[in-house]
Amino acid sequence: MDTTDNKQHMKVLGSGLLGLILTIGIARFCYTTLLPEMQSQAGLTDLAGGYLATINYIGYMCGALLAATVGNLKIKDRLYRAGLITAVITTLAMAFTDNIWAWGILRFFSGLSSASGMLISAGLIMNWLLRHGHRPELGIHYAGAGLGIIVSGLAGELMIGRLDWHEQWLTVGILGALIAIPAWRWLPRPDTSHQTKAGVPLKDNPPSRRWLLLLGMMYFCAGYAYVISATFLVAIVEAQPSLQGDGQIVWIFVGLSATPAVILWDRIARQQGELNALLIAFLIQIIGIILPAVNDTLWVVLVSAVLYGGSFIGIVSLVLAMAGRFYPTKPAKLMGKLTLLYGIAQIGAPAIAGIIADRGGSYADSLYIAAAISVLGAGMILILKASEKQELALKAV
């Protein structure tokens, strides 16, 4: 690999990583870290907080639908860049209103922008990797989600007690604007030919419809299991008298775990197979989700954050990379369809959790439900493994 190609490779991966820090870490996850301040200073209730999170996921699902229906790479490139701009504008605008309806509109478009970073840029990057003969893995790209969590957690920790909630949103919006510049400039315009740089044709190699249906059901379970902690973890921690003031630190541990984990999951998948890696990730996620419900000591909650952060991002990275390899000519289409299922699960879950917390004063029951649904997801993987063996046996005959 020559120096120029290696430099370009790093820039392409860097653009996706920075795009995720902006669209996921700042536009999406800063809501998690700033939610307690909005509740204490702006009078936002648990119920309203849950509804705003649900609206954000509706926006994300609409973005996933867009990714699933648009096949043209040039249009996807424009959508990605529009998503960067939208992420900056919607984050900054949160500082200039305390109207719940305006917040809802901003959270919707913020969710829309998140899909551009999570799906559309991933598809563009996967296509570039395949065309240029690089390993078709998205671990480094999705490390941006973990780094984004760290950025949102550090921003919250540094700003609490120093800035009010208006100033906090303004500050993270300005930070997002600075990150958007290299995220925009480092991603090259897409090549729309149906062959690699070396002249090898790019061909789609999809699995059976039954296998894809099972994969989608598993990813639906993953979406529900993921979203409760993603939305309410800081609030869950801050609600415990013995843990008040530790919410941001716990959230940073989620990011510290998620950032290197995606690269580790790529290695595990190479050695153990993708489905075995997914099964391991699900089992770890179950433990990570349920720990705060059974024990509220700091060290247990920190272990939970590490397990949760390292597992949820592994599931996302492995599933979407798998989807991209099935459809190298249009990788974001299947990524988008799978994410629709992931997103559907996320629409109702935060609102349900908000209702449960509003009535019962605790998120513990919601964590138990999320863990149970994660068990169902692990069961789907076992069915996928059996189905894969059957399909291989039929092909051999």
Side-chain angles (χ1 to χ4, degrees), residues 138-139 142 145-146 207-231 233 254 257-258 261-262 264-295 300 303-323 325-326 334-335 337-350 352-353 363-392:
L138 293 172
Y142 283 117
S208 68
R209 290 187 66 182
R210 178 176 180 272
W211 202 90
L212 283 176
L213 178 63
L214 289 168
L215 183 68
M217 292 169 65
M218 177 271 291
Y219 207 46
F220 174 90
C221 294
Y224 193 106
Y226 147 81
V227 74
I228 301 300
S229 295
T231 303
L233 182 58
V254 173
S257 173
V262 281
L264 178 62
W265 285 115
D266 280 343
R267 183 168 296 180
I268 293 172
R270 269 180 256 150
Q271 295 175 348
Q272 304 295 325
E274 289 169 325
L275 291 179
N276 286 331
L278 277 169
L279 182 59
I280 295 167
F282 261 87
L283 295 176
I284 293 173
Q285 179 174 261
I286 292 165
I287 299 170
I289 289 171
I290 210 166
L291 279 178
V294 298
N295 192 305
V300 170
V303 170
S304 167
V306 170
L307 295 178
Y308 168 74
S311 58
F312 93 78
I313 196 66
I315 293 168
V316 170
S317 176
L318 291 169
V319 170
L320 295 185
M322 193 188 306
R325 287 191 290 274
F326 286 146
L334 181 55
M335 289 179 183
K337 289 176 181 177
L338 287 170
T339 302
L340 280 173
L341 293 171
Y342 196 78
I344 288 169
Q346 293 177 55
I347 287 175
I352 292 169
Y363 291 101
D365 288 341
S366 295
L367 293 175
Y368 284 122
I369 293 169
I373 290 176
S374 196
V375 171
L376 289 177
M380 289 293 108
I381 297 172
L382 294 175
I383 298 172
L384 276 169
K385 285 170 62 66
S387 179
E388 188 175 63
K389 285 183 181 179
Q390 288 179 344
E391 289 185 14
L392 288 173

query: Minimum heavy-atom separation for Ser257 to Ala305, with atom names?
result: CB-O, 4.5 Å

message: Testing the basics here: between Ser387 and Arg210, what is the closest heavy-atom pair and its distance to 0.1 Å?
response: OG-NH1, 2.7 Å

task: Using a 4.5 Å cut-off on heavy atoms from C-beta on, say whether the side chain of Ile315 contacts that of Leu278.
output: yes

message: Side chains of Lys385 and Asn276, heavy atoms from C-beta outward: is any pair under 4.5 Å?
response: yes

task: Look at the aromatic rings of Trp211 and Phe326 and report parallel, tilted or perpendicular, splitting at 30° and 60°.
output: perpendicular

- request: Taking all non-hydrogen atoms of both residues into account, name the closest pair between Ile289 and Ala225 and its distance.
  value: CD1-O, 3.2 Å

message: I'd like to check the salt bridge (charged side-chain N to carboxylate O under 4.0 Å, His left out) partners of Arg270; sequence neighbours left out, ordered by chain and number.
response: Glu137

- request: Calculate, to the nearest 0.5 Å, the distance between atoms CG and OG belonging to Leu214 and Ser208 respectively.
  value: 8.0 Å

message: Please find the pair of heavy atoms, one from Ala371 and one from Ile290, that lie closest to each other, and give the distance.
response: CB-CD1, 4.1 Å

statement: Checking Tyr224, Tyr342, Tyr226, Phe312 against Tyr219 for ring pair (Phe, Tyr, Trp, His ring centres under 6.0 Å), the one that qualifies is Tyr342

message: Distance check, rounded to the nearest 0.5 Å: Leu338 atom CG versus Phe220 atom CZ?
response: 13.5 Å

Rounded distance (nearest 0.5 Å) linking atom CG of Leu279 with atom CD of Gln272: 11.0 Å

task: State, with a plain yes or no, whether a side-chain heavy atom of Leu291 is found less than 4.5 Å away from one of Asn295.
output: no

Shortest non-hydrogen contact between Gly309 and Ala258, atoms and distance: O-CB, 3.3 Å

query: Under 4.5 Å between any side-chain heavy atoms of Met218 and Phe282, yes or no?
result: yes

message: Using every non-hydrogen atom in the two residues, find where Leu376 and Cys221 come nearest and quote the distance to one decimal.
response: CB-SG, 3.9 Å

- prompt: Roughly how far, to the nearest 0.5 Å, is CD1 of Ile373 from CD1 of Ile286?
  reply: 11.5 Å

- request: Using the side-chain contact (heavy atoms from CB on, under 4.5 Å) rule, take Lys337 and Leu212 through it: C-alpha gap first, then chi angles, then the decisive distance, then the call.
  value: CA-CA 10 Å; Lys337 289 176 181 177; Leu212 283 176; over 6 Å; no

statement: To the nearest 0.5 Å, atom CD1 of Ile287 lies from atom OG of Ser374 at 10.0 Å

field: Distance, nearest 0.5 Å, that separates CD1 of Ile280 from OG of Ser311
entry: 12.0 Å

